[in-house]
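Data first, discussion second: the structure below is written as structure tokens.
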Amino acid sequence: WAQNFVHKYQQPATLKLHPSSSSSGGSSSSDQQPIGCEVIITSGNSAALDALTRVLLNPGDPVLLEEYTYSHFVEAHLLPIGCELLPIPLDHEGQIPSHLDAIMSSRQAAGLALPRVLYTIPTG
């Protein structure tokens, strides 16, 4: 039910649809099932961030994040496990891609670990 709720009311841009196995012949949007969208129900955003941090990061891992971000995530989840914070400068359109490229290129050239996580707060 959660997937259907997200599909119906939030309509994420990355959501794909495929015909339901129970439908026959032509299919309308009501006959289609969402794919590419997994929903995990948590007790709140802090619980979700904690779970993701535990699954995706190891102590000391580098993490890309916007230079202005949700400070609670940094203070409660990243700093306690010693993550290396790699802030990405922003302009009026969001993250500046050339700065992201520079961060990644310089780390690769120096033989440093590349970040596996980009924490962003999408708006718009």
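By convention here, the first residue in the shown sequence is residue 1.
Atom CG in Leu85 sits 5.5 Å away from atom CG in Leu79 (nearest 0.5 Å). Taken to the nearest 0.5 Å, the CD1 atom of Ile96 stands 6.0 Å off from the OG atom of Ser98.
Side-chain atoms of Leu57 and Leu52, non-hydrogen and from C-beta on, never get closer than 4.5 Å to each other.
Taking every heavy atom of both residues into account, Pro80 and Val74 meet most closely at CD-O, 4.1 Å. When all heavy atoms of Ala113 and Pro62 are compared, the pair lying nearest together is O-CG, 3.6 Å. The two residues Pro89 and Pro87 have their closest heavy-atom pair at CD-O, 3.8 Å.
Pairs of residues two or more places apart, or lying in two chains, that qualify as ring-ring contact (aromatic ring centres under 6.0 Å, His included) and include a residue from residues 90-121 are Phe73-Tyr119. Identified under the side chain to side chain donor-acceptor pair (under 3.5 Å) test for residues 48-63, with sequence neighbours left out: Asp50-Arg54, Asp61-Arg116.
Shown here are the ring-ring contact (aromatic ring centres under 6.0 Å, His included) partners of His72, two or more places apart in sequence or in another chain: Tyr70, His77. In this structure, the side-chain hydrogen bond (donor to acceptor under 3.5 Å, both in side chains) partners of Glu84, at least two apart in sequence or on a different chain, are Arg107.
Counted within 6.0 Å of CD on Gln108, heavy atoms from surrounding residues, nucleotides or ligands total 12 or fewer; the atom is thus considered open.
A donor-acceptor pair under 3.5 Å is formed between the side chain of Ser106 and the backbone N or O of Ala102.
In the hydrophobic clustering, Tyr68 connects to Leu90, either directly or through intervening members, whenever side-chain heavy atoms lie under 4.5 Å apart. As a member of the Ile/Leu/Val/Met/Phe/Trp/Tyr network built from side-chain separations under 4.5 Å, Leu64 groups with Leu86, Ile88, Leu100, Ile103, Met104, Leu114, Leu118.
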